[in-house]
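Note that these values count all heavy atoms, side chains included, but never hydrogens, waters or copies made by symmetry.
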Amino acid sequence: MEIKQAGSIIEVDGVIKTINDSQMLVNAIKDASRSGSVIIKINDSFSIPSTVIGELLKLKDSGIDVTLEVGDDILYELLDDLNLVSTFNVRKM
């Protein structure tokens with residue numbers, strides 16, 4: 001997995017699969033959210049770890065605007081099944 005960050009935009013290439021991947025993504029999200037909003041583009045991954053979802057929910061509760069852009073149909077369906085599409089402003093790329 002590779003993370004690219006430019007201001008409040010985070011782009012994730014590859015599958016998010018290890019604990020280290022999750023922690024790196026959470027750290028990037030915390031850093032990017034200082035501006036008051038964060039946009040996360042997940043290009044390839046078909047899943048998102050619960051630790052990342054938990055961090056995004058905490059940010060949302062504290063007033064940070066969260067937007068997810070996903071490239072994989074399976075991930076979009078997962079977020080839809082969890083009723084998180086409207087919560088995280090999920091868009092299909």
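To the nearest 0.5 Å, atoms CG (Asp65) and CG (Leu59) are separated by 10.5 Å.
For Glu77, the side-chain hydrogen bond (donor to acceptor under 3.5 Å, both in side chains) test picks out no residue, with sequence neighbours left out. Shown here are the side-chain hydrogen bond (donor to acceptor under 3.5 Å, both in side chains) partners of Asp73, two or more places apart in sequence or in another chain: Lys92. Shown here are the side-chain hydrogen bond (donor to acceptor under 3.5 Å, both in side chains) partners of Asn27, two or more places apart in sequence or in another chain: Gln23. Residues satisfying the side-chain hydrogen bond (donor to acceptor under 3.5 Å, both in side chains) test with Ser37, not counting sequence neighbours, are none. By the salt bridge (Lys or Arg N to Asp or Glu O under 4.0 Å) test, Lys60 pairs with no residue at all, sequence neighbours left out.
For the pair Lys4 and Asp13, the minimum side-chain heavy-atom distance is below 4.5 Å. For the pair Arg91 and Leu68, the minimum side-chain heavy-atom distance is 4.5 Å or more. For the pair Met93 and Asn43, the minimum side-chain heavy-atom distance is below 4.5 Å. Side-chain contact between Leu75 and Ile48 is present, with at least one heavy-atom pair separated by less than 4.5 Å. Between Val90 and Tyr76 the shortest side-chain heavy-atom distance falls below 4.5 Å. At least one side-chain heavy atom of Thr87 sits under 4.5 Å from a side-chain heavy atom of Leu57. The shortest side-chain heavy-atom distance between Ile39 and Glu69 falls under the 4.5 Å cut-off. Side-chain contact between Ile29 and Val52 is present, with heavy atoms from C-beta onward closer than 4.5 Å.
Across every non-hydrogen atom of Val38 and Ala32, the tightest pair is CG2-CB, 3.7 Å. Annotation for Ser33 and Ile64: closest pair O-CD1, 3.6 Å, computed over non-hydrogen atoms.
Remark: the backbone N or O of Gly14 is paired with a side-chain donor or acceptor of Asp44 at under 3.5 angstrom. Listed for the Asn89 side chain is a donor-acceptor partner under 3.5 Å among the backbone atoms of Val66. Although no hydrogens or angles enter the test, the distance criterion places a donor-acceptor pair under 3.5 Å between the side chain of Ser45 and the main chain of Ile16.
Criterion: ILVMFWY side-chain heavy atoms under 4.5 Å apart, direct or through other members. Under it, Leu25 and Ile9 are not part of a common hydrophobic cluster.
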Exercise for the section: Decide yes or no on side-chain contact (heavy atoms from CB on, under 4.5 Å) for Leu84 and Ile53, but give the supporting numbers first. Expected result: CA-CA 9 Å; Leu84 294 173; Ile53 292 173; 3.9 Å; yes
Handout entry: side-chain contact (heavy atoms from CB on, under 4.5 Å) evaluation trace for Lys17 with Met1
Key = CA-CA 8 Å; Lys17 56 185 169 189; Met1 182 197 78; over 6 Å; no
Problem - Test side-chain contact (heavy atoms from CB on, under 4.5 Å) applied to Ile40 and Leu56, step by step - result: CA-CA 10 Å; Ile40 304 160; Leu56 294 173; 3.5 Å; yes
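Ion pairing between Glu11 and Lys41 fails under the 4.0 Å rule for side-chain N and carboxylate O.
Through side-chain heavy atoms spaced under 4.5 Å, either directly or across other Ile, Leu, Val, Met, Phe, Trp or Tyr residues, Ile74 is tied to Val15, Phe46.
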